[in-house]
Protein chains: 4
Amino acid sequence: MQSRSPASRTGRPRSAAADAAILAATREALVDLGWSKLTLGDVATRAGVAKTTLYRRWAGKHELVVDAVAELFDALELPDRGSLAADIEGVVLQFAAILALPEAKSGLMAVVAEATRDDALRERVRASVVDRQKRLVLEGRARAQARGELPPEPDPGAAARTADLIFDMVAGAVVHRTLVSGQPVDEEWVRGFTQVLLRGLTAQSTRPAAG
Amino acid sequence: MQSRSPASRTGRPRSAAADAAILAATREALVDLGWSKLTLGDVATRAGVAKTTLYRRWAGKHELVVDAVAELFDALELPDRGSLAADIEGVVLQFAAILALPEAKSGLMAVVAEATRDDALRERVRASVVDRQKRLVLEGRARAQARGELPPEPDPGAAARTADLIFDMVAGAVVHRTLVSGQPVDEEWVRGFTQVLLRGLTAQSTRPAAG
Amino acid sequence: MQSRSPASRTGRPRSAAADAAILAATREALVDLGWSKLTLGDVATRAGVAKTTLYRRWAGKHELVVDAVAELFDALELPDRGSLAADIEGVVLQFAAILALPEAKSGLMAVVAEATRDDALRERVRASVVDRQKRLVLEGRARAQARGELPPEPDPGAAARTADLIFDMVAGAVVHRTLVSGQPVDEEWVRGFTQVLLRGLTAQSTRPAAG
Amino acid sequence: MQSRSPASRTGRPRSAAADAAILAATREALVDLGWSKLTLGDVATRAGVAKTTLYRRWAGKHELVVDAVAELFDALELPDRGSLAADIEGVVLQFAAILALPEAKSGLMAVVAEATRDDALRERVRASVVDRQKRLVLEGRARAQARGELPPEPDPGAAARTADLIFDMVAGAVVHRTLVSGQPVDEEWVRGFTQVLLRGLTAQSTRPAAG
DNA sequence: TCGTAAGCGAGACGGTACGTCTGGTCTTGCA
DNA sequence: TGCAAGACCAGACGTACCGTCTCGCTTACGA
């Protein structure tokens with residue numbers, strides 16, 4: 001989350017409660033105000049904490065919001081629903097539900113926007129959000145392979161590339177549908193999306209138009 | 001772009017050159033500073049224009065940037081490359097190239113982030129960017145249908161839904177790959193993505209696991 | 001008071017009312033809070049003015065307070081009371097009355113303290129307060145010479161040195177009595193002080209112990 | 001200097017060295033930074049002491065500086081130079097030399113300024129600085145009376161009043177000359193000042209203009 | 001051709017948030 | 001219990017932008 005000189009053994013230790021209070025206050029402020037009107041002074045007030053305490057732990061608004069939002073995605077699970085299609089539909093609906101939270105959507109996109117110019121921030125987003133949730137793809141694929149729904153991967157490189165592609169397609173489509181198109185991710189849409197995705201991944205190599 | 005009381009016939013007319021200068025200055029500032037450090041005062045200075053002039057035409061930073069960025073996407077074309085796959089690959093590469101421009105990515109995502117809390121802004125984004133480029137999907141599909149690569153649509157409702165789905169999947173995947181994953185949209189990735197998408201759209205209804 | 005690029009003819013002119021309001025608010029805040037608890041934000045609020053407006057005109061707390069306090073001393077007058085002694089007693093009492101004002105004493109000493117490390121500030125104090133009031137000494141001496149109470153000055157250098165000495169003795173004694181000793185400058189004290197001063201200035205050169 | 005519960009017999013005793021180190025560090029910081037930029041955190045660091053230790057002994061910046069500065073004036077002496085005039089000249093020059101020290105002038109005036117609103121502080125200044133040095137006036141007068149340069153005092157009340165007046169005149173004039181007028185207290189000025197003062201004190205009651 | 005209404009650049013205005021700094025207090029672990 | 005270290009709350013600092021408002025001037029239309 002945030003680091004600290006490892007050699008500091010002396011002095012008063014940092015309050016663990018403050019961290020949690022600040023992150024919760026950040027999410028609360030995102031709900032009430034949205035990203036652009038969220039101020040660190042207000043977050044500090046909501047958390048019952050001095051601004052200095054906040055700045056001691058986070059370098060700025062971006063870093064704080066990444067951490068506050070990243071926690072939300074840890075709620076994602078991949079329960080075994082019996083088939084790959086059902087597993088995908090389930091996790092996509094969960095993902096969409098989180099994305100629909102006001103504390104998630106405003107902050108997440110703003111941080112992504114800022115990350116386009118700030119490598120450290122992009123790395124933080126990738127580590128805290130993207131890579132942390134990529135587990136869902138890997139887990140889902142392994143389960144589908146065990147069920148025989150997907151063939152085993154020929155080589156690790158291709159496996160990683162495919163996993164990345166799937167993640168970009170799933171996350172990208174849901175995010176775009178929700179935030180850019182402004183349409184709901186309902187069961188009907190999810191069914192259509194999952195169908196296209198799964199067929200694309202499992203169909204025989206009868207590349208149609210090129211065939 | 002921006003409206004003006006229609007009854008104003010008298011008085012000095014607004015400078016047409018100012019509009020273009022402001023939008024160009026906005027893009028220039030996006031390149032130099034990124035969204036978050038871009039200030040309207042700075043844009044006005046770069047455009048050689050007073051702040052008043054800028055505010056007379058745009059309501060704020062968001063609206064200005066939407067207009068400045070939207071123009072960039074008008075460069076997208078859909079030349080006939082002989083097959084649907086080739087057409088898709090071509091337009092995806094063009095789209096990725098525009099998204100890679102610093103003046104596009106930072107501003108676009110920031111505006112999308114802001115639009116999550118501002119309906120008028122979301123509408124503006126949709127009208128200026130999304131709907132304006134959805135023509136590419138419609139045009140590409142019509143062409144593929146003429147070539148016999150895709151079957152004709154059974155009913156208009158389904159046609160519209162599928163077009164939306166395709167747009168969300170294409171735009172979403174490219175945006176996610178570029179801005180969130182921070183990976184390049186190169187020819188290899190585009191080929192893999194197009195394959196999955198096309199197979200998903202054209203494969204017979206052998207929904208594998210659910211079958 | 002504060003200067004501004006003389007060539008600026010364009011743009012909105014500075015509000016003259018703001019200057020007066022700020023100086024009055026400063027004196028009011030000095031009364032209520034004293035120097036050390038006076039904040040520029042509070043002064044701005046009292047004056048109904050934005051902090052920026054205040055900082056556009058004064059570089060900091062010190063400069064502002066010098067100007068606010070200096071105005072108080074402009075009320076000093078030297079009415080002709082018939083004799084040098086009476087004139088001195090009158091002006092000393094006036095001076096003591098101003099020094100007893102809470103808006104004067106706290107700010108004045110603090111600024112003098114700060115001026116010990118800041119040449120520009122010392123110069124400002126000298127110009128705004130000291131030199132502006134030295135007129136009283138010169139006027140009083142001229143009047144006394146016209147009455148024949150004091151001999152004419154032999155040469156201008158000595159005249160200036162004596163004027164400076166008188167000013168330091170009068171102002172210093174009153175300030176010290178008021179602020180350091182914390183005793184009132186009442187009529188009895190003024191009579192004693194004036195007697196010593198006048199005898200010192202007019203007695204024959206019978207330097208007693210050295211004689 | 002500062003008190004401590006007399007009943008505290010248990011626990012670790014306070015470091016006597018810490019007191020001296022803190023006062024010395026305070027003077028050092030006054031030289032380097034002046035009053036307004038002096039911070040207690042910095043003083044603590046210079047003294048190699050924790051802020052807690054410092055606050056256990058002094059209530060705040062004001063009290064600390066009073067004590068740090070007051071020690072400087074203990075160096076004043078009144079060697080017998082043979083005549084009252086010479087004695088005065090000697091002590092005035094010593095006093096001016098101390099006032100010229102950067103650690104003295106900035107802190108002293110600031111504390112006086114603050115004392116205008118803080119009775120406890122004024123009392124502390126009077127006790128630590130003013131009354132402690134008033135001995136010089138009393139001693140000098142006694143010596144002059146022994147020499148026959150001054151008549152014995154008729155009654156104790158008048159004696160005290162005159163001593164106060166002399167102290168205010170001497171200290172006030174030197175302080176004003178040094179800090180407000182910003183002129184050096186050199187031998188020439190001291191000679192002139194002493195002459196006026198002594199004549200004022202010893203001349204016959206030929207109040208000139210009133211006579 | 002001339003009046004007039006709106007546009008224009010400049011820059012001051014009242015606000016608000018920034019990120020930093022200091023003042024004093026409190027909480028650790030060691031001596 | 002004292003001490004060094006350093007985190008804590010509170011709040012002022014001086015700066016930067018915001019979006020609005022005067023200014024004095026310019027420009028095009030229409031009478």
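In the text below, chain A, chain B and the rest are named by the order of the sequence lines, each starting its count at 1. Predicted model, so just to flag it, every value in this text is computed and none were measured.
Listed nucleotides: F/dA7, E/dG9, F/dT20. Nearest to the side chain of A/R14: F/dA7. The side chain of B/R12 sits closest to F/dT27 out of F/dT27, E/dC18, F/dG6. In the set F/dC8, E/dG11, F/dA28, the nucleotide with an atom closest to the side chain of B/P13 is F/dA28.
When rounded to the nearest whole Å, the span between NZ of D/K37 and P of F/dA12 equals 20 Å. The separation between A/K51 atom NZ and E/dT16 atom C1' is 11 Å, rounded to whole Å. For B/I22 and E/dG9, the CD1 to C1' distance is 12 Å, given to the nearest whole Å. At whole-Å resolution of the value, CG in A/L33 and C1' in E/dT16 are 14 Å apart. Between the CG atom of C/L40 and the P atom of E/dG14 there is a distance of 15 Å, rounded to whole Å. As a whole-Å value, the separation of A/R56 CZ from F/dA7 C1' is 5 Å. As a whole-Å value, the separation of A/L54 CG from F/dA10 P is 14 Å. Distance CG (B/D42) to C1' (F/dT15): 16 Å, rounded to an integer number of Å.
Here CD of B/E103 is found 12.0 Å from CG of B/L38. Values are rounded to the nearest 0.5 Å.
Mapping B/A47 and A/L38 onto DNA chain E by nearest heavy atom places B/A47 closer to the 5' end of the strand. Residue A/T53 is the one, among B/K61 and A/T53, whose nearest nucleotide of DNA chain F lies closer to the 5' end (criterion: closest heavy atom). Residue D/A50 is the one, among D/A50 and B/G41, whose nearest nucleotide of DNA chain F lies closer to the 5' end (criterion: closest heavy atom).
Residue contacts for B/G48: at a heavy-atom cut-off of 4.0 Å it reaches the sugar-phosphate backbone alone, with no base atom in range. Here C/T52 lies in heavy-atom contact (under 4.0 Å) with a base.
With respect to A/E114 and A/K61, no salt bridge is recorded, no charged nitrogen being found less than 4.0 Å from a carboxylate O.
Here the side chains of A/D42 and A/D32 are not in contact, with every heavy-atom distance at 4.5 Å or above.
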